[in-house]
There are 2 protein chains.
Amino acid sequence: MSGEQSKLRVLAGGKSADAYDLSEQVGFILRKANQRHLSIFASRISDLTPPQFAALAKLYEVGATSQNQLGQLVAMDAATIKGVIDRLKARDLVVLEPHGRDRRRLVVSLSDDGKALIEALLPDALDVSEETLAPLTPRETATFLRLLTKLAEG
Amino acid sequence: MSGEQSKLRVLAGGKSADAYDLSEQVGFILRKANQRHLSIFASRISDLTPPQFAALAKLYEVGATSQNQLGQLVAMDAATIKGVIDRLKARDLVVLEPHGRDRRRLVVSLSDDGKALIEALLPDALDVSEETLAPLTPRETATFLRLLTKLAEG
DNA sequence: AGCGTATCATTCGTGTACAAACAAATTTGA
DNA sequence: TCAAATTTGTTTGTACACGAATGATACGCT
C-alpha cells in the first residue's frame, strides 16, 4: 500500500518529499495569517471591511478615478470592486459620476462623509498593522515585509 | 486641522506615523500574496479548491474525524467546513457516518475515490508550494516561513 | 435524578473573490 | 472610414468566511 511506500521514501530521502504536512505549506499558513489579521482588523475597525477600507484609503490617496482603475489599485477584479463600491455608495461614502469624454466610465470619488470617515480611521488602521506585526521584533518585521512583498509580487 | 498636525508628526517622529500608505500595510500585502498563491494553486490543481484540498489532505493524514474537529484542524469554522464537506460529499470524495456513542457527531472519512484523488494530487501540492516560494532564495524561504508562522499563530 | 452548561451540527445573512459571458463605448488598423 | 479588437462596466454562478441564532445531544455537578 501507498502508506508503506511513503514510509520508505521518507526514510530514504533527506527532504522526505513525500511527507506532505499540510500545516507546513505556505498557502495554509498564509491563510491563517490572513485570518488573524482579519480578526484584528474587525476588532478595531468595525465600520468597514478591509476591502472597503482599502478602497476608501486609496480614493483618499489618489482622488477621483474610474471604478475599474480603482479596482486595479487595490488589487480587486472588476466584479469584486463593483460590489465593494455598491456597498460604499449605499452608505453615501462615495460619489459616482459619469466621465466626461468616455461614456463607458464611472468616476468614483469620496463624499464628505467618506473623507471624514477615512481620516478618522487612519490611525486605527496603523494600529491594526502594528498589532498584526506584534509577534515579530522590529528587525524581523522589516525582513518579513521585504520577503512578503517579494512573494506577493512574484 | 488634522492635515497640519499630521505633517508636524511626520516631521517630528522618524517613523512618520501618520503617512498612511496602503500598499505598505501588512494586511494589504498579505492579501496580494494570498491572491498570487491561489492563482498558482488553481493553475496546477483545477480539481479542488485550496480549502477542499486542505480538508482531504487532513483526512488523509488523520483518518476519520468529526466534522467540527476536521474544521479545527484545517482552521475553518463550523459553518465553513460544513459547506466544504457538503461539496466533497456531493462528489463522493468523502463518506459521512453517524458517530456511535455521540449522536451529535458526524464522522467524516475519505472514500476510495477521495483517497485516490488526494494521493494523486500530493505531488502537485508540493509543486504549488515550491512555485509560490520561487521568488525567494532557499535561505529567505526558511526565514519567511518561520516569521509567517509566528505571525499566523499570534 | 435533574439541571445548567457546553458541544455539534445546521441555517441565515452579509461580504468578499473570481471566472465567464455580455453589452456598450472607444480605439486601432487595414 | 469602417470593421475588428479592446476597454469598461454589469450580471450570473460558484465557493469560501464568519457572526449569530437554533435545536439536539452530551456532560458536569450537586
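Lettering follows sequence order; numbering is per chain, from 1.
The side chain of A:Arg31 contributes an N or O atom lying less than 4.0 Å from OP1 or OP2 of D:dA17. Taking side-chain N and O atoms only, B:Gln69 has no distance below 4.0 Å to OP1 or OP2 of C:dT7. In terms of phosphate contacts, B:Thr49 brings no side-chain nitrogen or oxygen within less than 4.0 Å of OP1 or OP2 of D:dA15.
Distance, A:Asp86 CG to D:dT11 C1': 11 Å, rounded to whole Å. Distance CE (B:Met76) to P (D:dA17): 6 Å, rounded to an integer number of Å. Atom NZ of B:Lys82 and atom P of D:dG19 are 19 Å apart (whole Å). The nearest whole Å value for the distance from the CG atom in B:Leu96 to the P atom in C:dA9 is 10 Å. Going from atom CG of B:Leu48 over to atom C1' of D:dT14 covers 15 Å, rounded to whole Å. In this structure, the NZ atom of B:Lys89 is 16 Å from the C1' atom of C:dA9, given to the nearest Å. With rounding to whole Å, A:Ile40 atom CD1 is found 14 Å from D:dC18 atom P. As a whole-Å value, the separation of A:Leu88 CG from C:dT14 P is 17 Å.
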**OP:** Report the C-alpha distance between B:His37 and B:Val128 in whole Å, list the side-chain angles of each, state the deciding distance to 0.1 Å, and finish with yes or no for side chain to side chain contact (heavy atoms under 4.5 Å, CB included).
**Re:** CA-CA 8 Å; B:His37 172 260; B:Val128 168; 3.7 Å; yes

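Side-chain contact check for A:Leu126 versus B:Gln25: some heavy-atom pair is nearer than 4.5 Å.
Crowding of A:Asp21 atom CG: a count of heavy atoms from other residues, nucleotides or ligands under 6.0 Å exceeding 12.
Of the candidate nucleotides D:dT12, D:dA15, C:dT16, D:dT12 has the atom lying nearest to any side-chain atom of A:Ala79. Out of C:dA25, D:dC18, D:dA15, the shortest distance to the side chain of A:Gln35 is found at D:dC18. Distance from the side chain of A:Arg103 is smallest to C:dA25 among D:dA15, C:dA25, D:dT25. When distances are taken from the side chain of B:Leu106 to each of D:dG9, C:dA9, D:dA17, the shortest belongs to C:dA9.
One donor-acceptor pair, N or O on each side, does fall under 3.5 Å between the base of C:dT7 and the side chain of B:Arg104.
A:Arg31 places no side-chain N or O within 3.5 Å of a backbone atom of B:Pro51 that could act as its donor or acceptor partner. Side-chain N or O atoms of B:Thr141 include one that pairs as donor or acceptor with a backbone N or O of B:Thr137 at under 3.5 Å.
Toward the 5′ end of DNA chain C lies the nearest nucleotide of B:Gln72, the other residue of the pair B:Gln72 and A:Thr80 mapping further downstream. Taking for each of A:Val84 and A:Gly100 the nucleotide of DNA chain C with the nearest heavy atom, the 5'-most of the two is the partner of A:Val84.
Backbone-only engagement by A:Asp102 is indicated by non-hydrogen atom pairs under 4.0 Å involving sugar-phosphate atoms exclusively. Using a 4.0 Å heavy-atom criterion, one finds that A:Asn68 contacts the bases of the nucleic acid, with or without backbone contacts as well. Using a 4.0 Å heavy-atom distance criterion, A:Ser66 is classed as a sugar-phosphate-only contact.
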Show the atom names and distances, to 0.1 Å, of all donor-acceptor pairs under 3.5 Å that link a side chain in residues 147-154 of chain A to residues at least two apart or in another chain.
unit_1, atom_1, unit_2, atom_2, d
A:Thr149, OG1, A:Leu145, O, 2.7
A:Lys150, NZ, B:Glu140, OE1, 3.0
A:Lys150, NZ, B:Glu140, OE2, 3.1

